[in-house]
Amino acid sequence: MQKLPRSFYTRKTSTVAKNLLGKILVRRIGRNILTGKIVETEAYLFNDTASHSFRGMTERNKVMFGKGGFLYVYFTYGMHYCANVVTFKEGIGEAVLIRAVEPKNGMKVMLKNRGLINERNHLKTTNGPAKLAQAFGLTKKQSGTDLTGSVIFITNGDTVPRSKIVTTTRIGISTAKEKKLRYYIKDNAWVSKK
DNA sequence: TCCACGATCGGCT
DNA sequence: GCCGATCGTGGAG
C-alpha cells in the first residue's frame, strides 16, 4: 500500500482530518508490524481555544508548530498519551487527534500492550485516543517522528464514501465545544463512545 | 517554587 | 451516570 506523502498532511486541517478516515496507521516495532484503520479523528486549529497551540509555542507543543506530517504525542490526566498528526503549514500549530482505529495486524501485541488478557474485550483495544496510543506503544518518545519515514507512517486504505462520514462536535474539551471538528465512520464498532 | 488542571479511562453505583 | 487515579505542564507569584 502507498505511504501518504508530505503533501497529504500540509492541506487544510479539517480536510486532512476527514481524509484520514479509512487510512491505515502503521507502526513497526522490531519484527512486529501493528496496523489499524483510522475510524475517528478530531481537528485542532490555530484560533481554537481547545487546541494546545492556542496560547503559543511551548516546550510541550513545539512539534505542532513544525512541518506537517510529523507525530505529536502528549501526556495527559497523569496517565494517558494521545497521538496527533501535525497538519497544514509550518509555524501555524494545527493537528489532527487520532481518536480510534480498527485493528488489522498485530492484535496480539496490541492486547499485550493494553494489558488485556484475551480477545473477549477486543473492542476496548483501540476505541479511544489513549487506548490506541497504548496499544501502538506511542509515548513522548515517539513525539516528533516523521510520518513520511519507515517506522511510523500512514498508508492508503479504504475510500470512505461521503455518506458514511459523520461530522459532529468534539469530545472531552471545556471550551470551543460548538465547533464541529470531530469526524467518524458511521456504524463502525470501533468509534469511541461519548 | 507552587499549584490547578487536563484533547481519558475504568470501575462502581 | 459519576468519580477517582495520577503527574507533566505552564502560568502565576
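Naming convention: chains lettered A, B, ... in sequence-line order (proteins, then strands); numbering from 1 in each chain. If you're wondering where the values come from, they're calculated on a predicted model, not measured in any experiment.
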Rounded to the Å, how far apart are A:Asp48 CG and B:dG6 C1'?
15 Å
Remember a base hit wins even if backbone is also touched, and classify A:Ile173 as base, sugar-phosphate or nothing at under 4.0 Å, heavy atoms.
sugar-phosphate
Is_stacked (A:Tyr74, B:dA7) at 5.5 Å, 30 deg:
no
Length of the NZ-P vector between A:Lys193 and B:dT8, whole Å:
16 Å
Provide, to the nearest angstrom, the distance between the CZ atom belonging to A:Phe75 and the C1' atom belonging to C:dG8.
6 Å
Say whether, by atom type as modelled, one donor and one acceptor occur between the side chain of A:Gln142 and the main chain of A:Thr139 under 3.5 angstrom.
yes
Over all heavy atoms of both residues, which pair between A:Leu97 and A:Pro129 is shortest? Give the atoms and the distance, please.
CD1-CB, 4.2 Å
Lys/Arg cation over aromatic A:Tyr9: A:Arg11, 6.0 Å, 45° cone:
no
Taking all heavy atoms of A:Ile33 and all of A:Val26, pick out the closest pair and write down the distance.
CG2-CG1, 4.0 Å
What is the distance from OH of A:Tyr72 to C1' of B:dA7, rounded to the nearest Å?
9 Å
All N/O contacts under 3.5 Å from nucleotides 10-13 of chain C to the protein, with atom names and distances to one decimal?
unit_1	atom_1	unit_2	atom_2	d
C:dG10	OP1	A:Thr58	OG1	2.2
C:dG10	OP1	A:Arg60	N	3.4

Tabulated below should be each protein N or O lying under 3.5 Å from an N or O of nucleotides 9-11 of chain B; please produce it.
unit_1	atom_1	unit_2	atom_2	d
B:dC9	OP1	A:Pro129	N	3.3
B:dC9	OP1	A:Ala130	N	3.1
B:dC9	OP1	A:Lys131	N	3.3
B:dC9	O4'	A:His80	NE2	3.3
B:dG10	OP1	A:Arg114	NH1	3.4
B:dG10	OP1	A:Arg114	NH2	2.6
B:dG10	OP2	A:Lys131	NZ	3.2

Are A:His80 and A:Phe75 near enough that their ring centres are under 6.0 Å apart?
no
For DNA chain B, write out the stems as range with range, using runs of 3 or more consecutive Watson-Crick or G-U pairs with both distances under 3.5 Å.
B:1-6 with C:7-12, B:8-12 with C:1-5
Flag the pair A:Val101 / A:Val39 as yes when at least one side-chain heavy-atom distance between them is below 4.5 Å, and no otherwise.
no
How close do A:Lys18 and A:Tyr183 get, counting heavy atoms only, and between which atoms?
CG-CD2, 3.5 Å
Return the value, rounded to whole Å, for the distance between atom NZ of A:Lys140 and atom P of C:dG8.
8 Å
To the nearest Å, give me how far apart OH (A:Tyr77) and C1' (B:dA4) are.
13 Å
Pairwise side-chain contact, A:Val166 with A:Val191, heavy-atom cut-off 4.5 Å (strictly under)
no
Side-chain donor/acceptor of A:Asn84 to backbone N/O of A:Ala95, under 3.5 Å
no
Provide, to the nearest angstrom, the distance between the NZ atom belonging to A:Lys141 and the C1' atom belonging to C:dG8.
16 Å
If you look at every heavy atom in A:Ile171 and A:Tyr44, which pair is closest and at what distance?
O-OH, 4.5 Å
Less than 4.0 Å between a side-chain N and a carboxylate O, is that true for A:Asp158 and A:Lys37?
yes
Measure from OH on A:Tyr183 to C1' on B:dA7 and round the result to the nearest Å.
15 Å
